[in-house]
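From a predicted model like this one, the values you see are computed outputs, not experimental measurements. Every number for a ligand or one of its atoms is a count from 1 in the order of the listing.
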Amino acid sequence: MPDTTPEATRAFRLGVAGPVGTGKSSLIAMVCRELGDELRLGVVTNDIYTDEDARMLRAAGVLDPERIRAVETGACPHTAIRDDVTANLLAVEDLEADFAPLDLVLVESGGDNLTATFSPALVDAQVFVLDVAGGGDVVRKGGPGISRADLLVVNKTDLAPHVGVDADLMQVEGREARDGGPVIGLSRTDPDSVAQLRAWVLAVLGDHRSGQHVPVDPGPMAPHSHADGGTHAHAHAHAHAHGASGDHSH
Ligand SMILES: Nc1nc2c(ncn2[C@@H]2O[C@H](COP(=O)(O)OP(=O)(O)O)[C@@H](O)[C@H]2O)c(=O)[nH]1
Ligand SMILES: [Mg+2]
């Protein structure tokens, strides 16, 4: 082990949150593919009872499988990224120690909830991922991740015409909800959008390294969805659709 200070081995930790199926694992695979040659990367996934996300990412072949670790969160994935981050911190620190020095560790949330956010004790910055298939009104329903994550991604813009959603309008509404904060409309089929994501990651990493990046807490799960019938119904529709499909590919 080289004699390095904790600072020297401390990677930039980037959380990726958002509802199940919006494309968090795919976005992480994309970042690994785009930046794996120039950055030393690690990934931590959070799943309720399995290591499905970690296995999907290992199978994608975008990163040395050893650099992808799974945390099994039990029933409450949002707790493991927000209220008791111990298991996640240990996984991140193990990765950083095993592969020191790392530049970037990506942490995928379990995605059980529209309003789950990461604690700033776990990540330095966070991306919140929505997709057009979740419905054009989901941005307006809001939540701390949508309004205050470091980046909002409106994913799968290629699907917009098929699901009758205006992806541009979703992005406009996202910027309004975020007081002009960054929003990227993303699709793996749109190289310009992939380049925008890549540039954003490099910019925030640069800010982190130069001490200009200030971690922001988006705030706890808002008194949002369970107080508000509309949002409540939406969140559960999402979960049920996923469960009913029997698709565990998230
Ligand atoms: N059409 C389309 N599908 C995508 C895109 N990104 C991801 N997906 C698909 O969305 C589904 C869920 O993706 P996944 O990354 O597992 O979502 P997660 O549950 O948020 O991690 C998978 O079938 C992906 O192939 C995209 O840009 N366009
Ligand atoms: Mg996933």
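Looking at ligand 1, you'll find an N or O of Gly21 within less than 3.5 Å of one of its N or O atoms. On a distance-only criterion, Glu108 and ligand 1 share at least one N/O pair closer than 3.5 Å. Between Met56 and ligand 1, no pair of N/O atoms sits closer than 3.5 Å.
With ligand atoms numbered from 1 in the order given, ligand 1 contributes 1 (N), 2 (C), 26 (C), 27 (O), 28 (N) to contacts under 4.0 Å with heavy atoms of Asp158. Close approach of ligand 1 to Ser187 is summarised as follows: ligand atoms under 4.0 Å from at least one heavy atom of the residue are 27 (O). Remark: ligand 1 atoms within the under-4.0 Å shell around heavy atoms of Leu159 are 1 (N).
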Could you go through residues 86-95 and list every donor-acceptor pair under 3.5 Å that involves a side-chain atom there, pairing it with any protein atom two or more places apart or in another chain?
from, atom 1, to, atom 2, distance (Å)
Thr86, OG1, Asp84, OD1, 2.4
Asn88, OD1, Asn46, ND2, 2.8
Asn88, ND2, Asn46, OD1, 2.8
Asn88, ND2, Ala80, O, 2.8

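Heavy atoms only, all atoms of each residue included: Leu41 and Cys32 are closest at CD1-CA, 3.6 Å.
Taking only non-hydrogen atoms, the option from Ala29, Ala160, Ser26, Ala60 nearest to atom 13 (O) of ligand 1 is Ser26. Which of Glu52, Lys24, Lys156 comes nearest to atom 26 (C) of ligand 1 through a heavy atom is settled by distance: it is Lys156.
In this pair, His208 and Phe12 present their aromatic rings tilted. The plane angle is within the 30 to 60° band.
The pair Arg140-Glu176 fails the salt-bridge criterion, with no side-chain N (NZ, NE, NH1 or NH2) lying under 4.0 Å from an Asp/Glu carboxylate O. Contact check on Arg40 versus Asp103 returns a salt bridge, with a Lys/Arg side-chain nitrogen under 4.0 Å from an Asp/Glu carboxylate oxygen.
Put simply, Glu108 gets within reach of the Mg ion (ligand 2), with an N, O or S atom under 2.8 Å from it. The Mg ion (ligand 2) does not have Met56 among its coordinating residues (no N/O/S atom, backbone or side chain, under 2.8 Å).
The CD1 atom of Ile28 lies 12.0 Å from the CZ atom of Arg33; values are rounded to the nearest 0.5 Å.
The side-chain contact (heavy atoms from CB on, under 4.5 Å) with Val31 is formed by just one residue from the set Leu63, Leu197, Leu14; it is Leu197.
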